[in-house]
**Q** 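Sharing a structure, written as structure tokens. Questions coming.
Proteins come first, then strands; the chains are lettered A, B, ... in the order of their sequence lines, and each starts at number 1. Given the structure is predicted, the values throughout are model-derived calculations rather than measurements.
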Amino acid sequence: MKNIKGAIAGVGFTEYSLDSGRSVLSLAVEACQGAMDDAGLAPQDVDGILEFNVGDSVPTESVAAGLSLPEVNYAFDWYGGGFAPCALIETACMAVESGRCKAVLIYRAMNGRSGFRLGGGAGGEAFRAKWAGQYRVPYGWLSFGQNMAMWCRRHMEEFGTTQEDLGAIAVTQRENAIMNERAILRKPMTIDDYMSSRVIVDPFHLFDMSLESDGGCALLITSPDRARDCNKKPINVRASAFLSQATVADPLWADSFLWPDLTENYTRIIAPKLYKEAAIGPEDVDIAEIYDCFTYTVLMGLEGLGFCPKGEGGPFASSGAIGLGGSIPTNTHGGMLSEAYVHGMNVIAEAVMQLRGEGGVRQVSDAEVAVVTSGATTIGSGCILTV
Amino acid sequence: MDRYTIHPEIDQDSAPYWKSLSEHAAKMQKCEICGEFRFPPAPTCYHCGKAGGNWETISGKGKIYSWIVVHHPVDKRLAEEVPFIVALVKLREGSRVVGRLIGCNNDEIKAGLQVRAVYDDVDSELTLLNFEIDI
Ligand SMILES: [Zn+2]
């Protein structure tokens, strides 16, 4: 079939929590087993396995052993952050398309709250004052949240984006999380609750920032032909793109020195490639699942993906356009702000659920085309998925 | 001073920069081929890819590109310093640098505001580059 790069045939989740009480290995294996069961594939049907980590996960070989995969023809562990999920889908599609693999698992598993806390700053290797970090860390600029706040401020200064605009994103996503039984944060939140929440790094309040959580999430990619014989309706990968911009930071860090304009991110560059490959435009997209480590990355995504003009993401979000009844329902599961932080894998999983019509009470009617993104700043990837 | 500062892990590329701060005359590399300044320090020019470049003293003047006010210190050892302001400054020479913004309040700051360098001798080994509003 023309213009289909591969198909997502299975999705697997563990419970999302603040303290799993389990090993990362058990989370990874459960998520992958869930994706195989969802698709109806046995160990002998799966011969590729990919994952990404920041030194906080378990290697593909161990997970393959845990799943008793008899023969693994391609495996890849990627030291990297939230830019990875859609890029790994692209890699899995290439492995399937080239004939190297029959079916490929992709997982992210972490005890991100009870174990290694990525957002915690000074503890991790990634936050040391070395490489480009030496020009930032001694001044007390330590965490990725501070980084995104720095990016966000520029947008507020240049375009008049308000605190309430950021709050609209957080509040909208919470409304969606309330309808999602997997979500960790399901307590109703008003814009007043948002505005009165603790200021962490001005302009960011507590609810501008994603959760830290424990859990695993996996996808199973196979060929469109094989996917038709699986249990569930195949979700087609129609387009994919990955920008790995030259950067003076280390791979986990956004480059605030060389990237020309902090009011826009990689979505600005990959969007035209995605739409061209899928032969559609933003007006054809039914749902957007945008990587949301922070509210501001959603705002950059809405603009970069062409759902509103540049600079107008704030008023657009505040208008209700991103709600379930709006023109582009966004982060319909609550995102990483309210569902869980599984480093963007859960963001893609939600797109698959919606396109299958398995969104439950939060299902967007007639959702047939989704755009999904992975990553926050100068490095990122994206896909267009269709029924 | 006994305040807590995380020291930079200085390498061969960055050593001349940190030394220039300790001399209170910040220097950056200027490409001999295309004439552009570059920061952070690097063996080759970000603009044209050519190696080399001369270390030249910069003006220390620039404009605020963006800034944050850190309330949660992330590292507990910085708890007594919060809130503090960290700015991303676009220098007259074209590069962006990071420094604390001192002597002003959050509500006085705007993108584009002129600032000038202030050298902060942290201890005998380290001088940081901070900024103040340049009226
Ligand atoms: Zn040059």
Side-chain angles (χ1 to χ4, degrees), chain A residues 117 119-125 127-160 197-206 209 246-250 253-263 296, chain B residues 3-11 13-15 17-18 21 38-42 46-47 49 64-79 81-88 90 95-101 106-107 109-113 120 122 126-131:
Chain A
R117 295 177 68 173
E125 178 74 7
F127 302 93
R128 279 170 56 183
K130 66 175 183 180
W131 301 325
Q134 67 183 290
Y135 311 109
R136 163 177 58 74
V137 170
Y139 300 94
W141 176 353
L142 305 177
S143 74
F144 201 77
Q146 293 168 345
N147 193 67
M148 292 314 303
M150 187 71 86
W151 281 54
C152 184
R153 172 89 67 190
R154 181 69 197 184
H155 199 282
M156 297 170 94
E157 287 289 292
E158 219 168 288
F159 300 111
S197 69
R198 196 155 56 96
V199 178
I200 304 296
V201 50
D202 190 348
F204 280 171
H205 290 231
L206 178 64
M209 313 183 109
T247 172
V248 297
D250 73 74
W253 267 86
D255 188 328
S256 302
F257 294 106
L258 300 187
W259 185 257
D261 184 352
L262 301 194
T263 69
Y296 178 54
Chain B
R3 74 168 204 258
Y4 174 70
T5 301
I6 302 168
H7 279 228
E9 297 182 31
I10 298 172
D11 55 46
D13 294 328
S14 68
Y17 172 71
W18 289 109
L21 294 195
R38 67 174 175 265
F39 190 82
Y46 300 124
H47 306 275
I64 291 177
Y65 181 78
S66 193
W67 78 97
I68 52 175
V69 188
V70 176
H71 289 268
H72 173 64
V74 182
D75 186 329
K76 287 193 186 77
R77 292 166 293 190
L78 293 171
E81 289 199 41
V82 294
F84 56 83
I85 301 169
V86 180
L88 192 57
K90 171 110 170 158
S95 315
R96 286 187 204 137
V97 293
V98 175
R100 292 270 184 102
L101 190 59
N106 188 27
D107 48 14
I109 310 169
K110 289 234 157 305
L113 208 60
D120 177 12
V122 175
L126 178 65
T127 299
L128 294 177
L129 183 65
N130 289 335
F131 289 91

**Q** Could you check which of H7(B), H72(B), K76(B) has the highest count of heavy-atom pairs closer than 4.5 Å to chain A?
**A** H72(B)

**Q** Could you tell me which non-hydrogen atom of E9(B) sits nearest to which non-hydrogen atom of R128(A), and how far apart they are?
**A** OE1-NH2, 2.5 Å

**Q** Would you mind checking which part of V97(B) comes under 4.5 Å of any heavy atom in chain A, side chain (CB onward), backbone (N, CA, C, O), both or neither?
**A** backbone

**Q** Can you check whether W151(A)'s main-chain N or O pairs, donor with acceptor, with S66(B)'s side chain at less than 3.5 Å?
**A**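 Not a single qualifying donor-acceptor pair exists.
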
**Q** Under 4.5 Å from any heavy atom of chain A, what part of P83(B) do you find: side chain, backbone, both or neither?
**A** neither

**Q** What part of I85(B) is in contact with chain A, defined as an atom under 4.5 angstrom from a non-hydrogen atom: side chain, backbone, both or neither?
**A** neither

**Q** Is it true that a side-chain atom of R153(A) and a backbone atom of W67(B) form a donor plus acceptor pair closer than 3.5 Å?
**A**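 Side chain of R153(A) to backbone of W67(B), a donor-acceptor pair under 3.5 Å: yes, one is there.
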
**Q** Among T5(B), L126(B), I64(B), L129(B), single out the residue with the greatest number of heavy-atom pairs under 4.5 Å to chain A.
**A**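 Option with the top pair count is L129(B).
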
**Q** Among I6(B), D13(B), D11(B), whose side chain to side chain contact (heavy atoms under 4.5 Å, CB included) with Q134(A) holds?
**A** D11(B)

**Q** Can you give me the closest heavy-atom contact between V74(B) and Q146(A), atom names plus distance?
**A**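 That would be CG2-NE2, 3.5 Å.
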
**Q** Is any side-chain heavy atom of M150(A) closer than 4.5 Å to a side-chain heavy atom of V86(B)?
**A** yes

**Q** For A87(B), is it the side chain, the backbone, both or neither that has a heavy atom under 4.5 Å from a heavy atom of chain A?
**A**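 Answer is backbone: N, CA, C or O of A87(B) sit under 4.5 Å from chain A.
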
**Q** Using every non-hydrogen atom in the two residues, find where R96(B) and L262(A) come nearest and quote the distance to one decimal.
**A** NH1-CD2, 4.0 Å

**Q** Please report the shortest heavy-atom distance between Y139(A) and L21(B), naming the atom on each side.
**A**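 Scanning both residues, the minimum pair turns out to be OH-CD1, 4.4 Å.
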
**Q** Which word best sums up how the rings of F39(B) and Y135(A) line up, parallel for under 30°, tilted for 30 to 60°, or perpendicular for over 60°?
**A** perpendicular

**Q** Using non-hydrogen atoms and a 4.5 Å limit, figure out which bit of Y65(B) sits close to chain A: side chain, backbone, both or neither.
**A**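 Interface part for Y65(B): both.
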
**Q** Measure the spacing between CG of L88(B) and CG of N147(A) and express it to the nearest 0.5 Å.
**A**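 Output value for this atom pair is 9.5 Å.
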
**Q** For K110(B), which atoms come within 4.5 Å of any heavy atom of chain A: side chain, backbone, both, or neither?
**A** both

**Q** Checking heavy atoms, do the side chain of L78(B), its backbone, both or neither come under 4.5 Å from chain A?
**A** side chain

**Q** Taking atom NZ of K130(A) and atom OG of S14(B), what is their separation to the nearest 0.5 Å?
**A** 13.0 Å

**Q** Pick from P73(B), S95(B), P41(B): which one has the most heavy-atom pairs with chain A under 4.5 Å?
**A** P41(B)

